[in-house]
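Okay, so here's the structure we're looking at.
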Amino acid sequence: MKVLYFAWLRERIGVGAEDVDAGGAATVADLIETLKGRDARYAAAFGDLSAVRVALDQEQAELDASLAGAREVAFFPPVTGG
Amino acid sequence: MKVLYFAWLRERIGVGAEDVDAGGAATVADLIETLKGRDARYAAAFGDLSAVRVALDQEQAELDASLAGAREVAFFPPVTGG
Amino acid sequence: MSIRVQTEDFDVGAEVAELTAGRADIGAIVTFTGLVRDHAGSGGGAELIAAMELEHYPGMTEKALAEIEAEAHQRWPLQATTIIHRFGRLSPGDRIVLVVAASAHRQAAFDAAAFLMDYLKTRAPFWKKEETPDGGRWVDARCEDDAAAERWRKG
Amino acid sequence: MSIRVQTEDFDVGAEVAELTAGRADIGAIVTFTGLVRDHAGSGGGAELIAAMELEHYPGMTEKALAEIEAEAHQRWPLQATTIIHRFGRLSPGDRIVLVVAASAHRQAAFDAAAFLMDYLKTRAPFWKKEETPDGGRWVDARCEDDAAAERWRKG
């Protein structure tokens, strides 16, 4: 599964995109727990989930959404365009 | 006193500006009565006062406004700019 | 603040560029351009318009536009505004009017531009005559325009 | 309908001209241009901004903008719309975003342009990082932007 990070999530984790073996993760929240277990950078990036948004295959989704069928997961802070 | 007419008031009366001796006219309404007495063109132009607006010295005013001090009176239909 | 009443056309991009030249405190610019449509009526009626004649009241027009512009600056934190209104003979597709409002914030720019247009339509002494296949016809004032201007009234 | 996500600057006048070329059924065009301000904070804070870095999510950005534009066309009788959003490194005074809405009627053009901006600010995946004398700082999402987008929700 392709996982993307944007803005300060990308900066804290140190990478913009990576392939992740989601393993047994059924939901976005499960995937976040798996990532947080990797190392301190992920734990810091996902420390405050109220500031984290997710998109599944380029559509905004909730953090408890199912990962079934998703090929691309993106994590980012609330958007500030315009 | 200088009197101006715009849009269809100008067309009906046949003149855009003229000097008028307001005589004893104390209000705009008095002036309109004086003008209507002149001939059929004025009577036609001022036939429906609900469609007539007035400005005194280039400021919109009511038809019962006093003419005291006014040097320029303009009659026109409701504006349609923009 | 800039007001022009003219027969010549205007360039929206050039007006915006002039207003922002050499400054970096503006965050939002809203422009409104009004154009002559080729069909009469608010619903885009069936009657073709060959041309439009715009008459105005020189002197009072400039005064009314200056008042409208000053009122917008009193109501919103605006950094700059431009009002250009053409008069004379215009063809379908021609630009009639331009309003530009610049502010640090987008809501102020949007509100001020809408306000300027609403007040301009109900207070500035312009009259439109449409030339149709049936002859010339003075455009009636629209109740919706009065209602639109009314919403800015303070209680 | 036209959407562009690009590093290059844009020309407001040229965009408006392209949208109206060869047609005379448009009565009203509203444009919104957003610019980089030289001071941080919604109140025009004291902190100087040297530059702004705009990051986005290629692919999702275009999809989100297309959805926002389609929704505007469903809600209002629009004849044409344009959305241009820049990304990359920008300086104070630089243009960031352009929204254009064209309609036969002015209220539809105003409402659609405001709607496009409100939705773009809360749904399009862009992030801004400001460079200040104290270093780089990611701009926080503003509650006012969520509230502004919320007002278009249907009951």
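Note: hydrogens, waters and symmetry copies are ignored here, and every other heavy atom, side chains too, is used. Sequence lines set the chain letters: A, B, ... in the order given, protein chains first and strands last, and positions in each chain run from 1.
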Start with the C-alpha distance between D:R23 and C:R37, add both sets of side-chain angles, then the distance that settles side chain to side chain contact (heavy atoms under 4.5 Å, CB included), and finish with yes or no. CA-CA 9 Å; D:R23 57 193 297 177; C:R37 286 193 296 146; over 6 Å; no
Heavy-atom pairs under 4.5 Å with chain C are the metric here; pick the option from [options] that has the most.
{"options": "D:D94, D:V12, D:I29", "answer": "D:I29"}
{"options": "D:T31, D:V99, D:V16", "answer": "D:T31"}
{"options": "D:A28, D:G13, D:G27, D:P92", "answer": "D:G27"}

Options C:E15, C:K121, C:R95, ranked by heavy-atom pairs under 4.5 Å with chain D, top entry: C:K121
Looking at C:G34, C:A148, C:A114, C:G93, which makes the most heavy-atom pairs under 4.5 Å with chain D? C:A114
Side chain, backbone, both or neither: which part of [X] has a non-hydrogen atom closer than 4.5 Å to chain D?
{"X": "C:A113", "result": "both"}
{"X": "C:V36", "result": "backbone"}
{"X": "C:Q107", "result": "side chain"}

Looking only at non-hydrogen atoms, find the nearest pair between C:D38 and D:D25 and report the distance. OD1-CA, 4.0 Å
Flag the pair D:D118 and C:R106 as a salt bridge only when some basic side-chain nitrogen lies within less than 4.0 angstrom of an acidic carboxylate oxygen. yes
Working note: C:V30 + D:F110, criterion side chain to side chain contact (heavy atoms under 4.5 Å, CB included); need CA distance, chi angles, decisive distance, verdict. CA-CA 9 Å; C:V30 172; D:F110 268 119; 4.3 Å; yes
Please determine whether the number of non-hydrogen atoms from other residues, nucleotides or ligands lying under 6.0 Å from atom CD of D:E18 exceeds 12. no
